[in-house]
J.: 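To start, I am sharing the structure in question, which I have written as structure tokens.
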Amino acid sequence: MTIFVLCTDGSSKLTTPLVQHLNTLFLNLLIVTNIIQLSKGFGTDLNHWDEHGSEAGEHAQIWYIYNDESAKVDAAVIDGCNRGIDVLLVFSYQQMLPSPSDTTNALLLTLISDLRSSSLNISDTNISIPTPPGSNSPSASQIRWVNGLWFAALSFSLSAALVSMLAKQWIQPIPNVSGSPRYRARRRQQRYLQLQNWHVFFVINALPMLLHIALLLFFAGIIMLLWSGDLGIVIATFTIVALAYIFYAGSMWMSLTNPDCPYQHPISEELRRWVTRYDGPTKLLDLERTAILPIRAARTVIGHITPSSDDDMDAHCLVWLLQQCTNDDIIAATLKSIGGLPYDFAAFHVLREAGAIPMVLQHFNNCFRRDISFDSQWHVADAESAEGYCRAWIRLTHGTSHTWPQDLRRPLHTLRDGSTDLHINAIATCTWALDSPESRSSHLSLLSHLSQLAIGDQKYSELSQRWLLETFLECTLSWELHKAVVNDITAKSVPILLQLLQRATDQSGSQNHTTIAAILHSLTVGEVNAVSLWDEKKRYFNFHKIAIPSLAAIIRDPCRFGVEGELLDFTVTEFSRLAAPAFMSEYFPTHVKDIARQGLSKLYLEGRVGVGVVPDSVLADILQILYPPVKITEDQHPLFVKTLVQTLANSNDVNIAISSIRLLERLLTNCPSSVVRSFAEENGVPALLRSAHAGETDSRRLQIECIRTLCIFIHSSASSSTVGTLCPSHPPAIEKQFDAIFQSDFFIILIAVIDARRWWLEEIAEIWVPSLLLLCQARPHERIWKSVETVLRKFAELNDGEHGSERLIADLDKMKDIF
């Protein structure tokens, strides 16, 4: 018999058993060809693994495996759905076509009815329903019910055909997507999850229910038609239909209660998921209490979750492999790939909910064999795989309360102590340290690896370094040790970490410096936000905010952290290098700026940062940070002034000179006599005058700064005396500074600046001239005063009427009277 069916591309084709067989053969051949091409192009050899740490990278082996396995499953699912839909279409199509025998019977009944009506002279000849022999004619109400039930059955059948045609479009496979294997895996998993979340397969599985309902309505119509006829026929028909639907309902109930029952319905699986949906979390907790989780049980845990990021999509891809694949090698590859995910991966909870932790522990246990002949010794059968499962366990349990099972600790120690591979030994040590936050020996063992890494005794890979540092960071945030033990470990670890930071700073391509800074911050500052330290991007952008307080704490108390010698010098240099430029940023928090000021002030006063110790650009930035000198106590002002004068005397950098003079100006203004003596004893005036010609650079700003600062020094010298004026009774050191002023070109510079009108009147009238008047009182016999008074009076006349001109003229009159 020839049947027309609607094909997957929407066209109507002539289908015969031979053509169907050829179509199936062609489809299978196409699937196999695609898989061969994928395998040939990318390689899916399960014995070939990625490098350590790259098991979940963009082109990792696991994504090739996922794409291959999903292609097989999708092809099988789509083929099964298409076959089922084709059966529904054929059945519906046959119901829509009129039956030739039904047409013949209807014509015969019409002829018989006409003959009866003509012979019996019956007026009503509109008989629409045949009357079975030996029965009464159905009433008008029965006829309406029968027609209604049968037309409803026809409607259900037509609806099934319509939805079936739509479903064929829904399950069309997505076209080939270009891109990396992980990108293609994400696209496929996204479509798969959308089909699950929108219950597409539930709708397809429910389509036969429409035909079942249609048959039920048809049987109901038959019983209604026969109801007024022979009672025996009605009872027999009703009994047969009742038994059929009792079996139907019973088989559905058995398929719901027993998943292994062969009497399965297309909708049974979806109904079973609805019934057991709320039992998933409880079952998961029970399963996670053991070290071994049956694979089949784990596959029923995951629910319908819509991924919100690429991390969620990657996690769902891995969960799909764990749920759908029965090949142990593929499951092992999937579990190992978890260890290649970054520690800031945002979807580990998806894998935990799928029961990945017990599965990892089970496979870790399979990597060992136990020798019970002598003291139950454990031997490593597959160290490489065991290392991968350790990394997967660390990633999955990060931020959770999961612990390593007691019965698997001896195998873990065997892996740590018995392996000659440095990387495997390091990962096993990391696992032990994270599982034992209360054990001092586990942390010291981890610190031993870091020490070897710092001094370069052993050649650690980048992956090993990263895991050791990340693990130590997590340990410092979750220690359960006595305070004395923590202090001891801190004193031992800080010098090692500083050595590592020095090596990371020297290595331009290293990314470990952010992790090292986070560890130092945790050890030295304490009370840190663990979430911000674990966010790699935040750590990178906030590196200065994390490192500066840590280094400042070490500098304040180096003995506490066991830092001395060259290591302390590096700490000082690194602190200065980081604090100076970062301080200029407006986004720097105030409390960090205060920490930077305090630390730099201490270093500058101690002479640890100065000319020749740090680069001139860094020193200039440090001096800018120290302005204003609010973090320096009054007792430290004399030492600070002395250090600034030494900086001026030893540096030829203009920026250093300007910053130093600004600080001196602030410190000399209304200062006590101790500061004035310190400036005078250190020969501050010659240092200022030297800076006015620093590097023979004609710097107008530098000259003005020097003039102002010298005037402030003169004024403060008068304020520090008993009578408030300059007199010959001042200390010899101050008198020596006055001699230096008159012996230098100070007045030549001052006259040139005023004569060229390069400065404003208010400052000259408020600061310069009052200070010069005091100096004139102390040295009235100097011949330079007449030239100074002439230039200043000319400047006052040119600015007559402006604010400060009257005071300037009055002071000049006093000066003229003096000399």
Side-chain angles (χ1 to χ4, degrees), residues 501 505 517 520-521 524-525 541-558 568-669 671 675 679 687-688 691 694 699 701-702 705 708-709:
L501 182 62
T505 304
L520 287 172
H521 193 90
T524 58
V525 178
F541 289 108
N542 298 329
F543 173 71
H544 292 77
K545 301 178 184 178
I546 297 174
I548 289 175
S550 310
L551 298 176
I554 297 172
I555 293 171
R556 284 196 302 268
D557 193 0
L568 182 58
D569 294 338
F570 163 75
T571 305
V572 170
T573 305
E574 186 68 9
F575 175 78
S576 305
R577 185 183 68 85
L578 295 176
F583 192 88
M584 307 305 173
S585 174
E586 60 180 353
Y587 300 104
F588 231 58
T590 303
H591 73 279
V592 179
K593 289 184 177 181
D594 294 339
I595 293 174
R597 274 201 184 99
Q598 291 175 354
L600 291 174
S601 300
K602 182 177 185 296
L603 294 174
Y604 185 70
L605 292 178
E606 293 177 353
R608 292 186 175 276
V609 292
V611 180
V613 180
V614 296
D616 288 345
S617 59
V618 175
L619 180 58
D621 291 337
I622 291 175
L623 293 173
Q624 289 185 25
I625 292 174
L626 298 182
Y627 183 87
V630 294
K631 295 301 177 180
I632 300 175
T633 63
E634 292 185 1
D635 296 338
Q636 294 175 323
H637 282 189
L639 178 59
F640 199 16
V641 168
K642 179 180 178 180
T643 308
L644 287 170
V645 173
Q646 292 175 353
T647 301
L648 282 175
N650 297 325
S651 175
N652 294 321
D653 187 84
V654 175
N655 294 323
I656 292 178
I658 292 175
S659 300
S660 300
I661 293 171
R662 287 181 65 207
L663 286 167
L664 282 173
E665 176 190 337
R666 189 69 177 263
L667 292 169
L668 291 173
T669 302
C671 64
V675 176
F679 180 82
L688 283 173
S691 298
S699 173
R701 178 185 174 186
L702 190 57
E705 297 282 355
R708 184 193 303 115
T709 305

J.: Tell me if the CZ atom of Phe541 is crowded by more than 12 foreign heavy atoms within 6.0 Å.
T.: no
J.: Is it true that atom NZ of Lys642 has more than 12 heavy atoms of other residues, nucleotides or ligands lying nearer than 6.0 Å?
T.: no
J.: Rounded at 0.5 Å granularity, tell me how far CD1 in Ile632 sits from CG in Leu600.
T.: 10.5 Å
J.: Would you name the heavy atoms of Ala552 and Ile595 that are closest together and state the gap between them?
T.: CB-CG2, 3.5 Å
J.: So, do Leu578 and Phe543 sit near enough that their side-chain heavy atoms are less than 4.5 Å apart?
T.: yes
J.: About how many Å separate CD of Gln636 and CG of Leu667, when rounded to the nearest 0.5 Å?
T.: 11.0 Å
J.: Pair Tyr604, Leu644 - check side-chain contact (heavy atoms from CB on, under 4.5 Å), show working.
T.: CA-CA 9 Å; Tyr604 185 70; Leu644 287 170; 3.4 Å; yes
J.: Name the one of Leu568, Val613, Ile555 that satisfies side-chain contact (heavy atoms from CB on, under 4.5 Å) with Arg608?
T.: Leu568
J.: Would you confirm whether Asn542, through its side chain, and Lys545, through its main-chain N or O, come within 3.5 Å as a donor-acceptor pair?
T.: no
J.: So which atom in Phe640 and which in Leu626 form the shortest heavy-atom distance, rounded to 0.1 Å?
T.: CZ-CD1, 4.0 Å
J.: Indicate yes or no for a side-chain donor-acceptor contact from His521 to the backbone of Ile546 under 3.5 Å, with no hydrogens or angles considered.
T.: yes
J.: What distance separates Asp653 CG from Ile658 CD1, expressed to the nearest 0.5 Å?
T.: 9.0 Å
J.: What's the shortest heavy-atom distance between Ser651 and Val611, and which atoms?
T.: CB-CG2, 3.8 Å
J.: For the residue pair Leu663 and Arg666, establish whether any side-chain heavy-atom pair is separated by less than 4.5 Å.
T.: no
J.: Could you list all the side-chain hydrogen bond (donor to acceptor under 3.5 Å, both in side chains) pairs where at least one residue sits in residues 654-665, not counting sequence neighbours?
T.: Glu665-Arg708
J.: Using the rule given for side-chain contact (heavy atoms from CB on, under 4.5 Å), can you reason through Val609 versus Phe575, listing the C-alpha separation, both sets of side-chain angles and the distance that settles it, and then say yes or no?
T.: CA-CA 10 Å; Val609 292; Phe575 175 78; over 6 Å; no
J.: Looking at every non-hydrogen atom in both residues, tell me the closest pair between Leu648 and Ala687 and how far apart they are.
T.: CB-CB, 4.1 Å
J.: Is it true that a side-chain atom of Arg556 and a backbone atom of Gly599 form a donor plus acceptor pair closer than 3.5 Å?
T.: no
J.: Taking atom CG of Leu619 and atom CD1 of Ile656, what is their separation to the nearest 0.5 Å?
T.: 4.0 Å
J.: CG/Asp569 to CD/Glu574 distance, rounded to the nearest 0.5 angstrom?
T.: 13.0 Å
J.: Kindly compute the distance separating OG1 (Thr524) from CG (Asp557), expressed to the nearest 0.5 Å.
T.: 11.0 Å
